Structures are given as C-alpha cells and as structure tokens.
Number of protein chains: 2
Amino acid sequence: MAENSKESLDEIDRLLMRELVVDGRATLATLAEKAGLSISAVQSRVRRLEARQVIRGYTAKVDPEALGLMLSAFVAITPLDPSQPDDAPARLRHIDAIESCHSVAGDESYILLVRVASPRALEQLLQEIRATANVATRSTVILQTFYER
Amino acid sequence: MAENSKESLDEIDRLLMRELVVDGRATLATLAEKAGLSISAVQSRVRRLEARQVIRGYTAKVDPEALGLMLSAFVAITPLDPSQPDDAPARLRHIDAIESCHSVAGDESYILLVRVASPRALEQLLQEIRATANVATRSTVILQTFYER
DNA sequence: ATTGAAAGATCTAGTGC
DNA sequence: GCACTAGATCTTTCAAT
C-alpha cells in the first residue's frame, strides 16, 4: 500500500471531497460556489485529487434488490490447507457476486460481502467459493440494511 | 421496504446501470452510444431509474486512508436489555464513523462497518456505541481490503 | 495556486412521431 | 417510448498574474 501524497489535504480539499461523496455528479460550478473559489481552481484541485487517487472514481449507487439481488450475506472464510499459499482473494476476485473482500484479525482469515438472488443462489455461491479457494465458509445472512454510506 | 416499480428492467436499463456503476460521471452521449439509442432516450431512461430509486444517487469513491482513517473494523452488537425497544440503528445513525449498519441472522443482532483514525479512536467509538445504544460489542479489525466494488 | 474568458461539449425542455 | 432541435449550462483549455 504505497503512500500517495507528499502534501496533505487542506480544508478546501476536504470540503470538495465531502460534496463529491454526497453528490458524485456535482458540477464544478456548484463546487466552486460552495468553496468560494473560481471554477478553474476547483477543477485543478479535483483533478489533482483524482490523480493522487484520493478520489478513486465515481459510481452510481444502485439498489441491489432492484437488480433482483434479494439476499446479502457476510461470508467468513478459513483456508483449509495451511501448507498451500493463501491466495484466496486473488482466486475469488472474478466472482461477481462478491462485493468486497477483506482480510481480518479474527477467528477467520477473510470476510466477504456477497449479494445473490435467493437462498438457493447463496448455496451455489458458497460451493463455488469453497471449491475455488479451498476454504471453509461461515455465513451470516443480512436481514435488513439500515444504511450504507 | 416498499416495492418501487411495476415494470421490470429491460436489458438496456441493465446496461446503463452497469456503465454508471463503473463510471458514475459517464455522459449521456457515451451511454447513448453504448446502448445504441439517442441521447434523449437514454436521458429519460436514466431519469426514470433515478425517480424509481433504482439508482439511488451518485458518489465519489474516496480512499479512507487518504482521509486519515487508517483503521476499519466490523463491529457486531448485541442489545443488553431485551425489555427495552430495540432502536439501536436509529440511535447510532448520527455517528459519522459508522459507514454501514445491517441487522443480521447470527449470534449478534447487528453488524456495523466503522472507520477510525487509530486503535485509540476505535476504543472511544466503541464506548460511544455502547453508551448510546445500550449494547455489547464484538469487533473484528480489518487488516487489508482487497476490493470493494 | 488562482483567475478570466472563449470554444467546445453536455444537458434540458420542447416538439413531433 | 423514441428521435430531433435549440437554448441554457457546464467543462476544458490557455494566457496571465
């Protein structure tokens, strides 16, 4: 994980990022007004934040249930063979249903967040995960999501 | 959680959403080209997806570590007093460090994802969570995030 | 680093099919 | 539901400070 900046972020940078998190399509004109700067000044700041990868990109927030992904779950995974190199995250990367993958300091090695259409689809996904990465899985089904920011 | 559409999404809607998840700032012209439709047609579809809340908004993806939030953790919480109404998510909603809040079908009632600057800040946050919602907490520190889509 | 201004690209709203 | 057009708004680029 390389460091990505020599200079730190000032208050205006933080303001711009806060605004862009709230509205990823905010125009430079809007941002300039809130920051009290000219459009060009805001533009160069935003481009710099993007180049430094402080801002990694922009995305639409989509309702998973609207896409038919009615079931979400945390899946904790434990490698079964300690003698093998543990490359589970790389092996699992191609599986679309896996939204995030973290290594953790807990009973298990990794925690995934997955989204599927149905309990049946979760079962199939777990089989795929176990077969692909040679791991045991422990799943915690999400009943309701109150907020995700 | 009310249903939000009578008509289902067609292939073009799905294409547009995929593109907008990859690039939340994609222009209507770009989307129109990929969809093989006119700009107006794409515009009305995107506006309709937004109105139906299939697309819930747009956001900049910001590197938490660039903001000084060096430590992320899952926090599982258990209400301590079953005789009280369980409104933990509402009580915790105002805490900025909490990125997401789900109720789950597992040993605990809720799982939060939190981001803080340091172990010391995590300790303070846990105290705040326990005091605010009258709950026990069990934390799992994230060592590395391989991907979050 | 910030400003200002001009040219080009994009969005929006209206019309008609 | 889709396409086309015109006017408004936004972004980009560049010279200047």
Side-chain angles (χ1 to χ4, degrees), chain A residues 2-69 117 149, chain B residues 2-69 117 149:
Chain A
E3 259 316 327
N4 47 18
S5 62
K6 307 167 172 129
E7 296 295 321
S8 196
L9 305 166
D10 66 13
E11 266 314 302
I12 294 178
D13 288 329
R14 290 178 190 281
L15 169 69
L16 296 175
M17 291 170 55
R18 256 183 279 122
E19 295 295 331
L20 284 171
V21 168
V22 172
D23 177 10
R25 298 200 69 138
T27 66
L28 296 176
T30 304
L31 296 174
E33 189 176 9
K34 301 210 181 190
L37 291 181
S38 72
I39 290 175
S40 311
V42 169
Q43 184 184 33
S44 62
R45 279 172 178 268
V46 172
R47 295 294 168 268
R48 191 157 38 84
L49 291 169
E50 290 166 354
R52 281 164 63 183
Q53 288 285 94
V54 176
I55 294 175
R56 288 176 165 168
Y58 302 88
T59 187
K61 290 179 287 185
V62 169
D63 180 1
E65 300 196 6
L67 288 174
L69 303 174
R149 324 192 232 254
Chain B
E3 260 316 329
N4 47 17
S5 62
K6 307 170 173 121
E7 295 297 321
S8 198
L9 305 166
D10 65 14
E11 265 315 302
I12 294 178
D13 288 329
R14 291 178 189 281
L15 169 70
L16 296 175
M17 291 170 57
R18 256 183 280 122
E19 294 296 331
L20 283 170
V21 167
V22 172
D23 176 10
R25 299 201 69 139
T27 66
L28 295 176
T30 305
L31 297 173
E33 189 175 9
K34 300 208 181 191
L37 292 181
S38 72
I39 290 175
S40 322
V42 170
Q43 183 184 26
S44 62
R45 277 171 179 270
V46 173
R47 296 293 165 265
R48 190 159 39 83
L49 291 170
E50 290 166 354
R52 281 164 63 182
Q53 289 285 95
V54 176
I55 294 175
R56 287 176 166 169
Y58 303 88
T59 188
K61 290 179 286 184
V62 169
D63 180 1
E65 298 196 6
L67 289 173
L69 302 173
R149 327 191 230 252

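Note on naming: letters A, B, ... go to the chains in the order of the sequence lines (proteins, then strands), and numbering restarts at 1 for each one. Since the structure is predicted, the reported quantities are computational estimates derived from the model, not experimental observations.
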Report which part of the nucleic acid A41(B) touches: base, sugar-phosphate, or nothing (heavy-atom distance under 4.0 Å, all strands).
-> sugar-phosphate

When all nucleic acid strands are considered with a 4.0 Å heavy-atom cut-off, which category describes T27(B): base, sugar-phosphate, or nothing?
-> sugar-phosphate

Any R47(B) side-chain nitrogen or oxygen under 4.0 Å from OP1 or OP2 of dC11(C) = no

Please determine if a side-chain N or O atom of R25(A) lies less than 4.0 Å away from the OP1 or OP2 oxygen of dC10(D).
-> no

In terms of heavy-atom contacts, does CD of E33(A) have more than 12 from other residues, nucleotides or ligands at under 6.0 Å?
-> no

Round to the nearest Å and state the distance from [X] atom [atom1] to [N] atom [atom2].
{"X": "Y58(B)", "N": "dC11(C)", "atom1": "OH", "atom2": "C1'", "result": "13 Å"}
{"X": "I39(A)", "N": "dT3(C)", "atom1": "CD1", "atom2": "C1'", "result": "11 Å"}
{"X": "Q43(A)", "N": "dA5(C)", "atom1": "CD", "atom2": "P", "result": "17 Å"}
{"X": "R45(A)", "N": "dA1(C)", "atom1": "CZ", "atom2": "C1'", "result": "8 Å"}
{"X": "L9(A)", "N": "dA1(C)", "atom1": "CG", "atom2": "P", "result": "13 Å"}
{"X": "L28(A)", "N": "dC10(D)", "atom1": "CG", "atom2": "P", "result": "10 Å"}
{"X": "D13(B)", "N": "dC2(D)", "atom1": "CG", "atom2": "C1'", "result": "14 Å"}
{"X": "L31(A)", "N": "dT12(D)", "atom1": "CG", "atom2": "P", "result": "12 Å"}

Comparing nearest nucleotides in DNA chain D, the 5'-proximal residue of the pair T30(A), G36(B) is G36(B)

Test: R45(B) and D10(B) ion pair at under 4.0 Å | yes

hbond_proxy S38(B) side chain to dC2(D) base (donor-acceptor, 3.5 Å cutoff) | no

Is there a donor and acceptor pair, one atom on the side chain of S44(B) and one on the base of dG1(D), closer than 3.5 Å?
-> no

Exam field: side chain T59(B) to backbone G24(A), donor-acceptor pair closer than 3.5 Å | no

Verify, without hydrogens or angle tests, whether R25(A) (side chain) and L20(A) (backbone) share a donor-acceptor contact under 3.5 angstrom.
-> no

How large an angle, rounded to 10°, do the end axes of the helix from dA1(C)-dT17(D) to dC17(C)-dG1(D) enclose when each is built from five base pairs?
-> 30°

